[in-house]
*Asks:* 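Below: one structure in structure tokens.
Residue numbers begin at 1 in each chain, while the letters A, B, ... track the order of the sequences.
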Amino acid sequence: MLQQTTVTAVRSYYARFLARFPTITTLAAAPRDDVLALWAGLGYYSRARNLHACAQIVAARGGFPKSVGELRALPGIGEYTSRAVAAIAFNEPVVPVDGNVERVTARVFAIEEALPGARPAIARAAATLNTDPEAQARPSAFAQALFDLGATICTPRNPACGICPWQDGCAARKAGLAAELPRRAKRMAKPPRYGVCFVLRDQKGNFWLTRRPETGLLAGMTAFPGTPWRATRWTVEEAARHAPSTVDFELVGDVVHVFTHLTLHLSVYRGIINTFGQNSDGFACHPDNVMRQALPSVMRKCLRLAAPDLCKETEQ
DNA sequence: AATCCGGGGCC
DNA sequence: GGCCCAGGATT
């Protein structure tokens with residue numbers, strides 16, 4: 001959960017997740033959709049699918065692997081997480097390099113090359129950080145202390161160098177560069193994308209939902225039916241061809257949602273049909289169950305626009 | 001090496 | 001409105 005996600009954002013998801021899946025065995029045995037539903041809103045949904053697959057592998061082999069190499073082979077476990085688990089759970093003498101450790105290391109050694117190109121050099125330097133004999137006997141504590149140093153003192157902006165336990169050995173502080181490092185290559189602008197979605201309900205208040213494709217953005221998540229997302233705006237006539245019904249729809253507003261590499265402008269329409277027909281393009285969902293679906297944040301914004309009272313009742 | 005993959009907190 | 005977050009997989 002913590003991959004590219006702040007502790008603040010994760011905390012409540014983590015509590016709910018462990019309440020529902022207290023052991024590897026229960027997670028391994030759970031339906032994938034239950035896992036995705038509890039992940040909905042956290043983002044990077046491949047993490048949820050990988051974690052589920054991971055649980056099934058670990059459960060089948062009867063326990064966790066303990067070496068970095070074996071951990072690294074598990075789905076969703078990369079260079080960072082394999083070292084984090086090995087160091088923190090099994091006290092292996094390795095240094096996991098996350099965003100915090102990258103920053104601390106770039107500063108301690110005054111590495112001026114910009115990310116992401118500097119990553120290999122930073123990783124090599126990070127492996128030499130632990131020079132204290134007592135700390136070398138406690139790889140788990142050392143790793144977590146590094147995270148905490150980066151999170152509370154060696155922060156991205158306005159680092160608190162004056163109270164830093166490593167201030168005397170920090171090359172960036174000596175050079176007056178601490179706040180400038182690590183440098184980063186400039187990021188690409190997010191191009192706009194436009195789409196239309198339709199919130200269709202029947203007389204009983206049920207919703208008509210679809211499932212997104214298994215690949216691409218929001219893969220496998222629940223969504224309201226609508227147009228594809230493209231670089232140009234949609235006319236009403238164009239969009240109507242992607243509507244799930246020929247009933248009249250009314251525009252209720254626009255949702256703007258920023259993804260990693262694009263900004264989505266979604267026009268939300270609302271309509272009411274007598275009864276849903278049989279249609280493999282979607283499924284009906286009782287209002288009580290809508291918030292239990294794997295609805296990503298952008299779709300929750302659409303729901304809030306089209307059915308504000310429903311969202312207020314089930315607000316988390 | 002570059003791109004794709006979410007969402008939110010904070011400045 | 002941009003930056004960053006206990007990154008990983010794919011191409």
*Asks:* Report yes if a side-chain nitrogen or oxygen of A:Arg103 is closer than 4.0 Å to either non-bridging phosphate oxygen (OP1 or OP2) of C:dC4; otherwise report no.
*Replies:* no
*Asks:* I'd like to know whether A:Asp33 forms a salt bridge (charged side-chain N to carboxylate O under 4.0 Å, His left out) with A:Arg211, so could you lay out the CA-CA distance, the side-chain angles of the two residues, the decisive distance to 0.1 Å, and finally the verdict.
*Replies:* CA-CA 11 Å; A:Asp33 284 351; A:Arg211 187 169 306 282; 3.6 Å; yes
*Asks:* C:dA9 and B:dG8: how far apart are their P atoms, nearest whole angstrom?
*Replies:* 24 Å
*Asks:* In whole angstrom, what separates A:Leu71's CG from C:dG7's C1'?
*Replies:* 16 Å
*Asks:* Given atom CE of A:Met1 and atom C1' of C:dG7, what is their separation to the nearest angstrom?
*Replies:* 15 Å
*Asks:* What donor-acceptor contacts under 3.5 angstrom involve side-chain atoms of residues 59-77 of chain A, with partners at least two apart or in another chain?
*Replies:*
{"residue": "A:Arg61", "atom": "NH1", "partner": "A:Gly63", "partner atom": "O", "Å": "2.7"}
{"residue": "A:Ser67", "atom": "OG", "partner": "A:Glu70", "partner atom": "N", "Å": "3.2"}
{"residue": "A:Ser67", "atom": "OG", "partner": "A:Glu70", "partner atom": "OE1", "Å": "3.1"}
{"residue": "A:Arg72", "atom": "NE", "partner": "A:Glu79", "partner atom": "OE2", "Å": "3.0"}
{"residue": "A:Arg72", "atom": "NH1", "partner": "A:Ile77", "partner atom": "O", "Å": "3.4"}

*Asks:* Using a cut-off of strictly less than 4.0 Å, decide whether A:Gln4 has a side-chain nitrogen or oxygen near OP1 or OP2 of C:dC5.
*Replies:* no
*Asks:* Taking atom types as modelled, is there a side-chain donor on A:Asn91 or A:Ser140 under 3.5 Å from an acceptor on the other?
*Replies:* no
*Asks:* Identify whether any heavy atom of A:Pro296 sits under 4.0 Å from a base atom; if not, whether one sits that close to sugar-phosphate; answer base, sugar-phosphate or nothing.
*Replies:* sugar-phosphate
*Asks:* Could you tell me whether A:Gly150 contacts a base, only the sugar-phosphate backbone, or nothing, with contacts defined as non-hydrogen atoms closer than 4.0 Å?
*Replies:* nothing
*Asks:* Taking the six-membered ring of A:Tyr13, is NZ or CZ of A:Arg16 closer than 6.0 Å to its centre and within 45° of its axis?
*Replies:* yes
*Asks:* Just call it for A:Arg184: base, sugar-phosphate, or nothing, with non-hydrogen atoms closer than 4.0 Å on any strand.
*Replies:* sugar-phosphate
*Asks:* Chain A on DNA chain B: first and last contacting nucleotide, 5' to 3', under 4.0 Å to a heavy atom?
*Replies:* B:dC4 to B:dC11
*Asks:* Please tell me whether A:Phe198 and A:Phe224 form a close aromatic pair, meaning their ring centres lie under 6.0 Å apart.
*Replies:* no
*Asks:* Any side-chain to backbone donor/acceptor pair from A:Arg47 onto A:Met1? Under 3.5 Å, distance only.
*Replies:* yes
*Asks:* Once you apply a heavy-atom cut-off of 4.0 Å, does A:Phe259 come out as touching a base, just sugar-phosphate, or nothing?
*Replies:* sugar-phosphate
*Asks:* Starting from P on C:dC4, measure out to CZ on A:Arg183 and report it in whole angstrom.
*Replies:* 13 Å
*Asks:* Please tabulate the protein-to-nucleotide N/O contacts below 3.5 Å involving nucleotides 9-11 of chain C, giving atom names and distances.
*Replies:*
{"residue": "C:dA9", "atom": "OP1", "partner": "A:Gly76", "partner atom": "N", "Å": "2.8"}

*Asks:* Would you say a side-chain N or O of A:Ser46 is under 4.0 Å from OP1 or OP2 of C:dG8?
*Replies:* no
*Asks:* By nearest nucleotide on DNA chain B, pick out whichever of A:Ala40 and A:Arg157 is the more 5' one.
*Replies:* A:Ala40
*Asks:* Would you say A:Val298 ends up clustered with A:Leu295 if hydrophobic residues are merged whenever their side chains have heavy atoms under 4.5 Å apart, either directly or through other cluster members?
*Replies:* yes
*Asks:* Nearest-Å distance, CZ (A:Arg11) to P (C:dC5)?
*Replies:* 17 Å
*Asks:* In whole Å, what separates the C1' atom of B:dG6 from that of C:dC3?
*Replies:* 15 Å
*Asks:* Is the NZ or CZ atom of A:Arg32 positioned over A:Trp39's six-membered ring, under 6.0 angstrom from the centre and within 45° of the axis?
*Replies:* no
*Asks:* For A:Thr227 and A:Glu238, does a side-chain donor sit closer than 3.5 Å to a side-chain acceptor?
*Replies:* no
*Asks:* Please state the P separation for the pair C:dG8 and B:dG9 - nearest whole angstrom.
*Replies:* 23 Å
*Asks:* What is the separation between atom OH on A:Tyr80 and atom P on C:dC5, rounded to the nearest whole Å?
*Replies:* 12 Å
*Asks:* Round to a whole Å and report the spacing from NZ of A:Lys186 to P of C:dC3.
*Replies:* 9 Å
*Asks:* Check whether A:Arg230 reaches the backbone of A:Arg233 with its side chain - one donor and one acceptor, N or O, closer than 3.5 Å.
*Replies:* yes
*Asks:* Tell me the interatomic distance from A:Tyr44, atom OH, to C:dG8, atom C1', rounded to whole angstroms.
*Replies:* 10 Å
*Asks:* Which whole-number value in Å describes the distance from A:Leu42 CG to C:dG7 P?
*Replies:* 14 Å
*Asks:* How would you label the contact of A:Gly117 with the nucleic acid (heavy atoms, under 4.0 Å): base, sugar-phosphate, or nothing?
*Replies:* nothing
